[in-house]
Amino acid sequence: MPLNASRNSLVLPILGLLVEQPAHGYDITTRLRERYGHLSATRSTVTSLLKALEKAGLVSSRLPERIGNRPPRTAYELTAAGLADFRHKIEAGVRDSQAASVDFVMAVAYVGVLPIDQAAHILDGRADRLDRELAALSELPDGDVLEAHMLEVAYWRTIVAAETTWIRTLVRRIRAREIGWPTPQTDKHGSAEA
């Protein structure tokens, strides 16, 4: 685990699962494994991260509860600061992560936590950035290099173009309200949380 637990790749999906509903470490570990098989999630790592997130004020714990014959378990829920941090991580991941990266996939998985117009705007900006990256890739000189020695460039052009097309389609669907969008979460006083 990194010295700064907030940089662990499991933090974003853990916070995302807590946006959906409060949960205990065992439940979060199970849901991470079911939803994100490519992530390595152990119960001890999830528990350690939850404790670090609680210490940072991003989640809070409830008193341990016993359900049936199971041992008492501590459930965690997102705090207002945790929701704000989560939204910031989503925005940065969608905007700044490399094309075809796990960081982008994890960020776009929870883009619905952002207001709909903000999500469309950030995704549009990403597509513009990828268009510029694609243009730069197209300007690479082929020269006298055999195509067999430049296959990765053709591959990367195809990947970037495909992601850009997917994002443009997604933005069009978001703006046309073809995709159901969650209502903004509110704090305990009824105000929309940023």
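The residues of the chain are indexed from 1 along the displayed sequence.
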Might you point out which heavy atoms bring [X] and [Y] nearest each other, and give the distance in Å?
X    : Y    : value
P72  : P64  : CB-CB, 3.9 Å
D103 : S97  : CB-CB, 3.8 Å
L130 : A99  : CD2-CB, 3.8 Å
Y76  : S61  : CE2-CB, 3.6 Å
A100 : I159 : CB-CG2, 3.4 Å
H24  : T74  : CB-O, 3.2 Å

Does any part of the side chain of [Y], heavy atoms only, come nearer than 4.5 Å to the side chain of [X], both counted from C-beta?
X   : Y    : result
Q98 : E133 : no
L39 : P13  : yes
L50 : E54  : no

To the nearest 0.5 angstrom, please state how far the [atom1] atom of [X] sits from the [atom2] atom of [Y].
X    : Y    : atom1 : atom2 : value
W181 : I174 : CH2   : CD1   : 4.0 Å
Q118 : I90  : CD    : CD1   : 11.0 Å
R31  : E34  : CZ    : CD    : 9.0 Å
I167 : F104 : CD1   : CZ    : 4.0 Å
R33  : T42  : CZ    : OG1   : 7.0 Å
L49  : L10  : CG    : CG    : 6.0 Å

May I have the step-by-step check of side-chain contact (heavy atoms from CB on, under 4.5 Å) for E163 and R126, ending in yes or no?
CA-CA 10 Å; E163 184 172 316; R126 179 182 182 82; 2.8 Å; yes

Taking everything shown except [X] itself, do over 12 heavy atoms lie less than 6.0 Å from its [atom1]?
X    : atom1 : result
E65  : CD    : no
E152 : CD    : yes
L63  : CG    : no
R43  : CZ    : no

For the residue pair R70 and Y26, would you count it as a cation-pi contact if the rule is NZ or CZ under 6.0 angstrom from the ring centre and within 45 degrees of the ring axis?
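No.
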
Applying salt bridge (charged side-chain N to carboxylate O under 4.0 Å, His left out) to D96 and K89, what does each step give before you reach the verdict?
CA-CA 10 Å; D96 302 329; K89 286 178 184 341; over 6 Å; no

Cationic N near anionic O, under 4.0 Å, D124 to R172:
no

Using the rule that Ile, Leu, Val, Met, Phe, Trp and Tyr join whenever any side-chain heavy atoms are under 4.5 Å apart, tell me whether Y155 and L134 fall into a single cluster.
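Yes, one cluster joins them.
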
If two hydrophobic side chains count as joined below 4.5 Å and joins carry through other members, does V105 share a cluster with I122?
no

If we ignore hydrogens and angles and just use 3.5 Å, is the side chain of R95 paired with the main-chain N or O of G125 as donor and acceptor?
no

Any donor-acceptor N/O pair, T47 side chain to G25 backbone, under 3.5 Å
no

F86 pairs by side chain to side chain contact (heavy atoms under 4.5 Å, CB included) with which of L12, L18, L58?
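Exactly one option meets the side chain to side chain contact (heavy atoms under 4.5 Å, CB included) with F86, and it is L12.
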
Can you tell which of T30, T29, I28 makes a side chain to side chain contact (heavy atoms under 4.5 Å, CB included) with L32?
I28

Going through the checks in order, is the side-chain contact (heavy atoms from CB on, under 4.5 Å) test met by D27 and R73?
CA-CA 10 Å; D27 180 44; R73 293 193 172 139; over 6 Å; no

Would I179 and L170 satisfy side-chain contact (heavy atoms from CB on, under 4.5 Å), going step by step from the backbone distance to the final call?
CA-CA 9 Å; I179 296 176; L170 176 62; 3.4 Å; yes

